[in-house]
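Naming: A, B, ... by sequence-line order, numbering from 1 per chain. Atoms considered below: every heavy atom in the structure, side chains included; atoms not considered: hydrogens, waters and symmetry mates.
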Amino acid sequence: MQFWLFKSEPACFSIDDLARRSKQTEQWDGVRNYQVRNMLRDDIKQGDQAFFYHSSCPEPGIVGRMEIVKEGYPDYTAWDIQSEHFDPNSSLEHPRWFMVDVKFLEKFPSPISLTEIKRHPVLSKMLIAKNGNRLSITPVTQTEWNTLLKLAVAKK
DNA sequence: GCCAACGTTGGC
DNA sequence: GCCAACGTTGGC
């Protein structure tokens, strides 16, 4: 099993939104970055787990945990001319963009803030802690995953 | 294929 | 709202 961190702006889609979805499951659509596309298409597998990160908000940080329930498949919003994610260069024969389905697992009683991550000896090496990082999905190591989970429990 | 200009992300 | 950092675009 591999671990990931998925960013989302809570004003757009928050962990509470995910928890309220039917079956607490939602497609992670709208990714329009090639590095992240490659991860969605090739690397992220069913059964992998991911942290849910809230960005561009008063307190950016990790707010919970989810599971990948469906592996990469074409992001059909790219074919929808009405969608804000429409891309005329993505065709049915050669889909350019991919998405996965995620399922809510838990919301942490208290979020792990970016500030906390940045000053933590282990976590400060995470991509999320580097400014200018543009990737909306990043891999998380086993060590980082365990450390973050322990932090989440400790804050209960 | 280079690279300057531009657009976007995202923390502060 | 500012701006640093990065990705993308497009002229050459």
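- When distances are taken from the side chain of A/Lys118 to each of C/dG7, B/dG10, B/dC12, the shortest belongs to B/dC12.
- Checking C/dG7, B/dC12, B/dG10 against every side-chain atom of A/Ser55, the shortest atom distance belongs to B/dG10.
- Taking atom CD1 of residue A/Ile128 and atom C1' of nucleotide B/dG11, one finds them 11 Å apart after rounding to whole Å.
- Straight-line distance from the CG atom of A/Asn131 to the C1' atom of B/dG10: 10 Å, rounded to whole Å.
- For A/Lys125, the NZ atom sits in a loose shell: 12 or fewer heavy atoms of surrounding residues, nucleotides or ligands are nearer than 6.0 Å.
- The nearest whole Å value for the distance from the CD1 atom in A/Ile137 to the C1' atom in B/dT9 is 15 Å.
- A/Arg32 has its CZ atom 18 Å from the P atom of C/dG7, to the nearest Å.
- Between B/dG11, C/dG7, C/dT8, one nucleotide has an atom nearer to the side chain of A/Tyr34 than all others, and that is C/dT8.
- In this structure, CG in A/Leu18 is found 10.0 Å from CZ in A/Arg20, a value given to the nearest 0.5 Å.
- Between A/Trp145 and A/Phe51, the distance from one ring center to the other falls under 6.0 angstrom.
- Using a 4.0 Å heavy-atom cutoff across all strands shown, A/Lys7 reaches sugar-phosphate atoms only and no base atom.
- Within 4.0 Å of A/Ser56, counting heavy atoms only, lies at least one base atom of the nucleic acid.
- Checked against a 6.0 Å centroid threshold, the rings of A/Trp28 and A/Phe52 count as neighbours.
- Separating the CG atom of A/Leu127 from the C1' atom of B/dG11 is a distance of 16 Å, rounded to the nearest angstrom.
- Residue A/His54 contributes atom NE2, which lies 13 Å from atom P of B/dG10 at whole-angstrom precision.
- Considering only side-chain N and O atoms, A/Tyr53 lies under 4.0 angstrom from the phosphate OP1 or OP2 of B/dG11.
- Rounding to whole angstrom units, CZ of residue A/Phe6 and P of B/dT9 are separated by 17 Å.
- Across the protein-nucleic acid pair, A/Asn33 atom CG and C/dT9 atom C1' stand 15 Å apart, rounded to whole Å.
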Inset, instruction - Dump the intermediate steps for salt bridge (charged side-chain N to carboxylate O under 4.0 Å, His left out) on A/Asp75 and A/Arg37, then the final yes or no. - result: CA-CA 10 Å; A/Asp75 180 344; A/Arg37 187 276 311 269; over 6 Å; no
